Number of protein chains: 2
Amino acid sequence: MSLSTNFQPLYKQVYDTLIERLSAGYWKPAAALPSEFALAEEMGVSQGTVRKALNQLVAENILVRRQGKGTYVSEHTQESSMFRFFRYREAGGDDLIPSTEVIALERREATAREIEKLELNTRHKNAELGVVEVTRIRSINGKPAIFERVLQPLAIFQDIDKERELPNSLYTLYQEKYNISIVEVRDELQAVSLPADIADHLNLTANAPVLMTERASINIDGRVAEWSQAYCSTDNFVYSVSLK
Amino acid sequence: MSLSTNFQPLYKQVYDTLIERLSAGYWKPAAALPSEFALAEEMGVSQGTVRKALNQLVAENILVRRQGKGTYVSEHTQESSMFRFFRYREAGGDDLIPSTEVIALERREATAREIEKLELNTRHKNAELGVVEVTRIRSINGKPAIFERVLQPLAIFQDIDKERELPNSLYTLYQEKYNISIVEVRDELQAVSLPADIADHLNLTANAPVLMTERASINIDGRVAEWSQAYCSTDNFVYSVSLK
DNA sequence: TAGTGGTCTAGACCACCAC
DNA sequence: TGGTGGTCTAGACCACTAG
């Protein structure tokens, strides 16, 4: 076998091993990892090589390091999830914290388009095609602002429709109960006329121009874990994003 | 004087020095920097410390490294600028390359809001408040899709209204002629009703829902270099972005 | 005081490129 | 063949944390 085709730097191999363990839930959220020297000895590399892999994971917000204490699995708190992935801001730029109310919850089969968006067909033949659809209203300063439908594949979130209560930011639940750590979201935005049936929920007139966002949320293992669609009035706020 | 308050790691000092030189145009776009060892000797640090600073600049797309050849200043080509900062995509996800037509060009005073957005007041008292406003139509597949107004402060872009021709992606011009390297853009998106005077330019009906984006473009020195506003129909495409 | 991560150095070896 | 960046190691010293 040729080595050149398979060659991976040691730090990359260490990185992959760590990702694998984190994906498998080997270390729980907020848990401390072994020290750099301990990991280095276990994997048979130098401490500097482990450090390089750890720094990469820190850059991806998967780990956090605290000088003098240790290296920890990032915890998706309500606040950090909001701050990181919730992109609506006041026109001035101030952060907004929405409150959230679930208005419907249904277990059903995914449609063809949803199967594609959730990449359910690529998993395996005879894949579980059931999903839970959660419909929520998110309010800002007490006023309804965002109408959102979230799709959760049952293949990933077993019996999530049996949860007693859904938190404001679902990602904390995903991490704690289902070993799903969202590390990336992919948004697609369009301006559309507000559908009449949604207008009621937002106290807006039908056909008002609203922002429609579709979001695929990516797990640490690189696969789509959740897909959602939202309608948002941008009369009082903006979708704010920085590209580097 | 206390050292602790001013303490900066060596690699950070090297980084700052390099940023300063790049901002000043000490190295031109596409130019090769000295080798790691040469920089290390010049700055009195080890090669590993220089490497850490260089890698940071590579991560920020400011430098590119080619194994066996050297380290170069990133060049803002038409293609790379488009791919990096132009976020409109077909619903399927394929890249779009717009063509661009300038329909108006005016030199005038900035309004109060524009002064704030361009941060002209923070530069110095008696700052130059003149701007050039370029109005452009960007077409995709030959059909007008985006109506855009770009504001260029004369304090940064001297006599830019005298340019014979403006390229499709302005950032290449900024880098080549004005020593401005855009390293970040901050977008704010809203859904609005298409104003009547703009509807004509886009062959759309007035009041159609369109995406309105406001963009501040940030120079390598961290300051706003350009501010623009655009109206875009999203009937056939989406604004696509990934958050990590 | 002991253990952790943070910085910095020096040096070895490899892969790639150009002459 | 010589110069460049890419990887890896080993070790020193510092700063922070906790008992």
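Because the structure is predicted, anything quoted here is derived from the model rather than measured. Just so we're on the same page: letters track the sequence lines, and every chain starts at 1.
Within a 6.0 Å radius of CD in A/E20, no more than 12 heavy atoms belonging to other residues, nucleotides or ligands are found.
Evaluated for a side chain to side chain contact (heavy atoms under 4.5 Å, CB included) with B/V224, the options B/L151, B/I218, B/I156, B/L120 yield exactly one hit, B/I218.
When heavy atoms are screened at a 4.0 angstrom cut-off, A/E36 is found touching the sugar-phosphate backbone but no base atom. Across all strands, A/R66 comes closer than 4.0 Å only to sugar-phosphate atoms, never to a base (heavy-atom distances). Within the 4.0 angstrom heavy-atom criterion, only backbone atoms of the sugar-phosphate kind lie near A/Y11; the bases stay farther away.
For C/dG5, the OP1/OP2 oxygens have a side-chain nitrogen or oxygen of A/T71 closer than 4.0 Å.
For DNA chain C, the stems formed by at least three consecutive Watson-Crick or G-U pairs, with both atom-pair distances below 3.5 Å, span C:1-18 with D:1-18.
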Check against salt bridge (charged side-chain N to carboxylate O under 4.0 Å, His left out), A/E148 and A/R215: CA-CA 11 Å; A/E148 181 184 63; A/R215 165 169 293 188; over 6 Å; no
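Relative orientation of the B/F157 and B/Y174 rings is tilted, given thresholds of 30° and 60° on the angle between their planes.
Between the side chain of B/R51 and the base of D/dG6, at least one donor-acceptor pair of N or O atoms lies under 3.5 Å.
The two residues A/V45 and A/V14 come nearest to each other via the heavy atoms CG2-CG2, 4.2 Å.
Judged as a salt bridge (charged side-chain N to carboxylate O under 4.0 Å, His left out), and not counting sequence neighbours, the contacts of B/E214 are B/R113.
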